[in-house]
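Comments concern the structure below.
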Amino acid sequence: MAGGRARVAVSILDADHSNMAHAIRRGESEGADRFHIDVMDGHFVPNLTFGPKMIKGIRPRTELPLDAHLMISDPATYVDEFLEAGCDSITFHVEVDPEQITPTLEAIRAAGRAAGLAVKPGTPLSVLEPYRHLLDIVLVMTVEPGFGGQSFMRDTAAEKLLAAREYLSHNPVGGEVHVDGGVNRETAEFVGGLGVDILVVGSVLWIKGRDMGREIRLVRALADEGYQYRLNDGKPPIPRDAMVTFAQLPKHLAWRFMAEIERGGIPVIPLRGNGRFNPDGLRDFDLLVPASAETLTEERHAADRERYLEEAARWRVAYAAEHGVKPPERPRPGTGAGEVIPPDVGPARPARA
Ligand code: DX5
Ligand code: ZN
């Protein structure tokens with residue numbers, strides 16, 4: 001996984017359609033973060049590409065995520081086939097028959113995949129309003145859908161990219177804004193400065209003689225530059241996969257607190273870290289949250305954390321008394337000597353991972 005924040009989805013639309021397995025192998029070895037697969041039905045857009053069978057065929061060729069971008073008129077009819085093909089996310093257009101939208105988004109989510117809606121350049125974002133609670137992805141088109149190699153619509157990007165995040169506000173960590181169409185080294189910094197998470201890059205990667213890996217790295221780095229200097233007060237962006245320790249607690253309390261935090265949509269990883277020893281012989285567990293959600297977690301749960309830490313202190317005393325155990329010892333680094341950790345010392349400080 002690359003450092004930084006921005007991620008590049010390699011669109012295979014302009015790859016050699018006689019050898020998609022090779023395109024996937026090449027994209028992966030050149031540093032793609034994921035693949036973007038443009039499905040067109042000759043009806044929603046005036047072009048035809050590939051279907052679920054092709055996706056199923058390439059699925060075993062890579063472990064990278066496969067994002068399907070359905071430019072088709074009847075997503076509800078075909079969604080099961082795309083799910084079955086192994087897509088990690090499915091995004092279709094909000095301009096289709098409105099009756100189809102909610103059931104299709106629900107089907108995608110029920111299958112545990114990310115669900116997205118795409119908007120054409122001429123469609124206002126406000127049409128997403130009725131579906132916002134079902135969205136993991138908002139895909140902003142910065143060209144008319146249908147073909148690779150068109151020029152980037154700067155005004156559309158400026159109007160929509162930052163605003164699109166608003167429709168993902170219920171999804172504080174997992175939500176992604178994708179930009180699709182005309183993204184390359186010339187436009188990456190601009191869209192990065194508008195906070196986009198996933199940059200779909202197509203035709204420029206498949207130009208004969210082009211160094212694909214370098215192009216991918218440039219696009220990612222420039223998008224991060226844009227983000228750092230336009231949106232993040234000059235601070236380097238936090239990598240999407242960075243985690244920080246939010247609390248250290250005895251196991252039974254850690255598990256309870258984790259469930260509470262996760263209920264609000266913030267994922268938590270419990271880690272057997274270097275927490276203090278407890279009288280039951282187990283160390284405290286670290287609860288890790290995504291660095292990008294650290295502030296939100298603090299806002300929501302700092303007071304709960306105090307309560308849990310107090311409960312942990314009471315539990316240690318009670319446990320030690322009930323079982324007649326002495327406080328456990330742990331070796332002091334470098335000395336080999338035992339350091340006694342009393343069971344009732346004050347709360348552990350949250351540390352950065
Ligand atoms: C266009 C597709 C895009 C296309 C982008 O309808 O949705 O994903 O591959 O290609 P470029 O990067 O050439 O604009
Ligand atoms: Zn696309």
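Side chains included, hydrogens not; waters and symmetry mates left out as well; all remaining heavy atoms used. Indexing begins at 1, ligand by ligand and atom by atom, following the structure's order.
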For the Zn ion (ligand 2), which protein N/O/S atoms are closer than 2.8 Å?
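Within the sphere that stays under 2.8 Å of the Zn ion (ligand 2), the protein atoms of type N, O or S are His36 NE2, Asp38 OD1, His69 ND1, Asp180 OD2.
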Group every Ile, Leu, Val, Met, Phe, Trp and Tyr by side-chain heavy-atom contacts under 4.5 Å, then state whether [X] and [Y] land in the same group.
X      : Y      : value
Met141 : Leu70  : no
Tyr308 : Val244 : yes
Val200 : Phe82  : no

Side chains of [X] and [Y] in contact at under 4.5 Å (non-hydrogen atoms):
X      : Y      : value
Asp74  : Val96  : no
Met153 : Lys160 : no
Ile266 : Arg300 : yes

Does Asn47 reach the main-chain N or O of Gly146 with its side chain, forming a donor-acceptor pair under 3.5 Å?
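Looks like yes, one N/O pair under 3.5 Å.
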Taking atom types as modelled, is there a side-chain donor on Asp67 or Thr91 under 3.5 Å from an acceptor on the other?
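Distance-only check fails for Asp67 and Thr91.
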Nearest non-hydrogen partners of Phe35 and Ile24, listed with the distance
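For Phe35 and Ile24, the tightest heavy-atom pair comes out as CZ-O, 3.3 Å.
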Are there any N/O pairs under 3.5 Å between ligand 1 and the protein, and if so, what are their distances?
{"unit_1": "ligand 1", "atom_1": "6 (O)", "unit_2": "Gly146", "atom_2": "N", "d": "2.8"}
{"unit_1": "ligand 1", "atom_1": "7 (O)", "unit_2": "Asp38", "atom_2": "OD1", "d": "2.9"}
{"unit_1": "ligand 1", "atom_1": "7 (O)", "unit_2": "His69", "atom_2": "ND1", "d": "3.3"}
{"unit_1": "ligand 1", "atom_1": "7 (O)", "unit_2": "Asp180", "atom_2": "OD2", "d": "2.8"}
{"unit_1": "ligand 1", "atom_1": "8 (O)", "unit_2": "His36", "atom_2": "NE2", "d": "3.3"}
{"unit_1": "ligand 1", "atom_1": "8 (O)", "unit_2": "Asp38", "atom_2": "OD1", "d": "3.1"}
{"unit_1": "ligand 1", "atom_1": "8 (O)", "unit_2": "Asp38", "atom_2": "OD2", "d": "2.7"}
{"unit_1": "ligand 1", "atom_1": "8 (O)", "unit_2": "Asp180", "atom_2": "OD1", "d": "2.7"}
{"unit_1": "ligand 1", "atom_1": "8 (O)", "unit_2": "Asp180", "atom_2": "OD2", "d": "3.0"}
{"unit_1": "ligand 1", "atom_1": "9 (O)", "unit_2": "Ser11", "atom_2": "OG", "d": "2.7"}
{"unit_1": "ligand 1", "atom_1": "9 (O)", "unit_2": "Asp38", "atom_2": "OD2", "d": "3.1"}
{"unit_1": "ligand 1", "atom_1": "12 (O)", "unit_2": "Gly202", "atom_2": "N", "d": "2.9"}
{"unit_1": "ligand 1", "atom_1": "13 (O)", "unit_2": "Gly149", "atom_2": "N", "d": "2.7"}
{"unit_1": "ligand 1", "atom_1": "13 (O)", "unit_2": "Ser203", "atom_2": "N", "d": "3.0"}
{"unit_1": "ligand 1", "atom_1": "13 (O)", "unit_2": "Ser203", "atom_2": "OG", "d": "2.5"}
{"unit_1": "ligand 1", "atom_1": "14 (O)", "unit_2": "Gly182", "atom_2": "N", "d": "2.7"}

